[in-house]
Amino acid sequence: MMRPIYHLLTILSTLPLIHAQAQGFENEESTIGADILFSTKEFLKKKNTLPPLGGHHSNFNVTPVDVKIALHVESIRDIAGDATIDLYMIEQWHDWREEGKHSDDIKMSGKGTVNYCWIPDTYFILARSIYYSPSSQCLYVGKSGDITLDRKVRLVTPCTPEVWFFPFDVTRCKIFISSYGYPNNELDLHWDAGDGGGISFPFEYEPLSEMGFKIINMSTDKFPANYDTVNFTILEGNILLKRLYSVYIYQIYIPAALLVVLSWVSFWINRNATPARASVGVTTVLTMLTLATQSQQNMEKHITLETSLLDVYIWVSFSFVIAAMLEFAVSDFFNDKKTRLKRKPPKPPKPQIFENHNNNSLADKLEPVARPLLTSQSSSEESFHFSIDKTARFLFPAVYVLFNAGYWTYVRLHTGS
């Protein structure tokens with residue numbers, strides 16, 4: 001009887017202990033959950049927060065984070081107003097939060113590497129489109145806290161040619177880089193002067209010459225930009241591309257000059273061979289017009305909207321061909337007028353009757369009638385017609401040679417071509 005009562009009292013005495021242990025487990029689970037939540041928040045905070053450089057335990061930025069950037073251009077294509085550029089973008093900065101965190105340097109590549117730590121929010125200004133290859137990116141985290149991010153980027157950026165000097169122009173492709181959210185007192189961008197001056201390109205890139213260009217220079221610059229009383233750092237990279245003009249020399253300039261010379265053949269053809277002279281004139285005019293039209297169609301749209309040196313040469317040559325055609329018209333006009341005077345039948349002389357008082361024969365009294373001669377007017381017109389052709393034979397070539405001398409001297413002095 002006493003034993004059941006003893007067991008009941010024992011069980012009742014252990015209830016507070018069991019309750020205390022259960023309460024302890026709940027508190028422990030709550031602590032574990034809080035630790036996980038706290039770690040997640042700390043990770044997100046570290047990933048999205050600029051590393052403070054005022055000290056290891058400072059919450060305020062005393063000096064801005066210095067980010068050095070280098071661009072290694074892989075290829076340039078589709079150069080027509082815009083250019084598609086494939087490049088490797090290398091960013092370097094220091095994050096003291098990674099100091100001594102690892103016993104050895106860390107190297108990661110592939111997708112998700114940019115999610116490991118904080119990275120600069122750099123972006124390309126004025127770019128038509130930007131694509132970061134997720135599989136072509138690599139992150140280096142050093143034991144000292146130095147971080148390097150290497151990513152492959154494809155962007156479409158504007159390229160501006162010197163339209164007036166086309167096809168001897170230089171096309172300038174500009175790349176602008178800035179931070180999207182951090183002003184220059186928090187994040188300062190620099191070109192990596194020790195890595196090709198900040199931007200480099202393989203000068204032996206053969207596909208570039210196949211597109212009609214060659215690279216002549218690359219330059220970098222840095223300047224501040226003000227947005228609503230906030231200053232941001234802007235990095236500017238310039239790629240200068242020289243257009244290869246030899247194809248235009250062989251396909252446009254030389255044919256245009258030969259057509260002008262061909263139009264001069266009519267000056268040496270017999271002035272009475274009107275069909276031959278007309279055929280030469282009409283043929284050269286139509287061929288020159290076709291050449292001018294095709295040259296405009298083969299140009300980029302942004303170049304055809306303005307006048308270029310190529311337009312000047314084509315239309316001046318076209319004017320010489322038109323002038324040769326007009327010279328033929330004037331010369332043929334005077335030649336036709338002279339021919340009409342030659343073919344005009346002379347008026348028959350009026351009969352004269354003489355009285356025969358001395359019984360002489362009538363034949364002795366008739367005066368001989370001379371053949372009508374060309375008038376002085378027709379003779380002067382023939383001389384003027386001949387002088388037109390003779391003058392054109394020397395005047396047209398001389399003026400065209402002077403034009404070419406001045407044209408190519410101007411091209412040489414202003415473009416170095």
Side-chain angles (χ1 to χ4, degrees), residues 79-81 159-174 203 208-219 238-268 280-281 283-327 388-417:
I79 305 174
C159 291
T160 306
E162 299 172 325
V163 179
W164 167 249
F165 295 105
F166 179 85
F168 310 100
D169 61 312
V170 174
T171 299
R172 184 186 301 270
C173 297
K174 294 186 176 182
F203 287 86
L208 189 61
S209 61
E210 295 175 1
M211 289 184 291
F213 292 90
K214 69 176 181 179
I215 187 168
I216 59 174
N217 190 23
M218 289 177 297
S219 61
N238 295 300
I239 303 176
L240 300 182
L241 303 174
K242 178 68 174 178
R243 194 183 302 271
L244 302 178
Y245 54 84
S246 58
V247 62
Y248 298 95
I249 296 293
Y250 294 125
Q251 294 185 1
I252 297 179
Y253 281 96
I254 293 179
L258 292 178
L259 286 173
V260 174
V261 174
L262 182 61
S263 66
W264 301 339
V265 175
S266 62
F267 304 153
W268 301 87
V280 173
T283 301
T284 52
V285 168
L286 294 179
T287 307
M288 195 70 191
L289 183 60
T290 302
L291 180 64
T293 304
Q294 289 182 349
S295 65
Q296 292 290 323
Q297 292 177 350
N298 294 332
M299 294 182 190
E300 294 90 345
K301 183 178 180 180
H302 62 282
I303 294 179
T304 57
L305 298 178
E306 300 181 28
T307 304
S308 64
L309 286 177
L310 180 61
D311 297 329
V312 172
Y313 193 90
I314 288 178
W315 292 109
V316 169
S317 299
F318 187 67
S319 300
F320 271 88
V321 175
I322 293 293
M325 187 70 179
L326 294 177
E327 188 277 338
I388 292 178
D389 284 345
K390 187 176 181 180
T391 303
R393 292 174 185 174
F394 301 98
L395 180 63
F396 274 68
V399 175
Y400 193 66
V401 168
L402 289 177
F403 163 71
N404 275 273
Y407 181 90
W408 295 111
T409 301
Y410 178 85
V411 171
R412 179 68 178 177
L413 292 177
H414 289 81
T415 65
S417 301

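Residue numbers run from 1 in the order of the sequence given.
What you find for Pro167 and Arg243 is that their closest heavy atoms are O-CD, 3.7 Å. The minimum heavy-atom distance between Tyr400 and Ser317, with the atom names listed, is OH-OG, 3.0 Å. Taking all atoms of both residues into account, the shortest heavy-atom contact from Phe267 to Arg393 is O-NE, 3.0 Å.
Listed by chain and residue number, nothing satisfies the side-chain hydrogen bond (donor to acceptor under 3.5 Å, both in side chains) test with Tyr248 (two or more places apart in sequence, or in another chain). Every residue meeting the side-chain contact (heavy atoms from CB on, under 4.5 Å) condition with Glu162, not counting sequence neighbours, appears here in chain and number order: Phe165, Asp169, Val170. Here Ser263 pairs with nothing under the side-chain hydrogen bond (donor to acceptor under 3.5 Å, both in side chains) rule; sequence neighbours left out. Remark: Leu258 engages Ile254 in a side-chain contact (heavy atoms from CB on, under 4.5 Å) (not counting sequence neighbours). Under the ring pair (Phe, Tyr, Trp, His ring centres under 6.0 Å) criterion, Tyr407 pairs with Tyr313, Phe403, sequence neighbours left out. Qualifying side-chain hydrogen bond (donor to acceptor under 3.5 Å, both in side chains) partners for Trp164, counting only residues two or more places apart in sequence or in other chains: Tyr410. In this view, Lys174 and Arg172, Phe176, Glu236, Asn238 satisfy the side-chain contact (heavy atoms from CB on, under 4.5 Å) rule, not counting sequence neighbours. When the side-chain hydrogen bond (donor to acceptor under 3.5 Å, both in side chains) test is applied to Ser308, the partners found at least two apart in sequence or on another chain are Asp311.
To the nearest 0.5 Å, the span separating OG on Ser295 from CD1 on Ile314 amounts to 3.0 Å. The SG atom of Cys159 sits 6.0 Å away from the CD1 atom of Ile79 when rounded to the nearest 0.5 Å. Distance check, rounded to the nearest 0.5 Å: CG of Leu244 to CD1 of Ile249 gives 12.0 Å. Between the NZ atom of Lys390 and the CG atom of Leu395 there is a distance of 14.0 Å, given to the nearest 0.5 Å. Remark: Tyr253 OH to Leu309 CG distance equals 6.0 Å, nearest 0.5 Å. Atoms CD1 and CD1, from Ile239 and Ile216 in turn, are 12.0 Å apart once rounded to the nearest 0.5 Å.
Lys242 places a side-chain N or O within donor-acceptor distance of the main-chain N or O of Phe168, the cut-off being under 3.5 Å.
Tested against Leu262, the residues Thr287, Thr284, Thr283 include a single side-chain contact (heavy atoms from CB on, under 4.5 Å) partner, Thr284.
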Compile the donor-acceptor pairs under 3.5 Å between side chains in residues 319-326 and protein atoms, sequence neighbours left out, one pair per line.
from, atom 1, to, atom 2, distance (Å)
Ser319, OG, Trp315, O, 2.8

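Pro397 has its side chain within reach of Trp264: a pair of non-hydrogen atoms, C-beta onward, lies under 4.5 Å apart.
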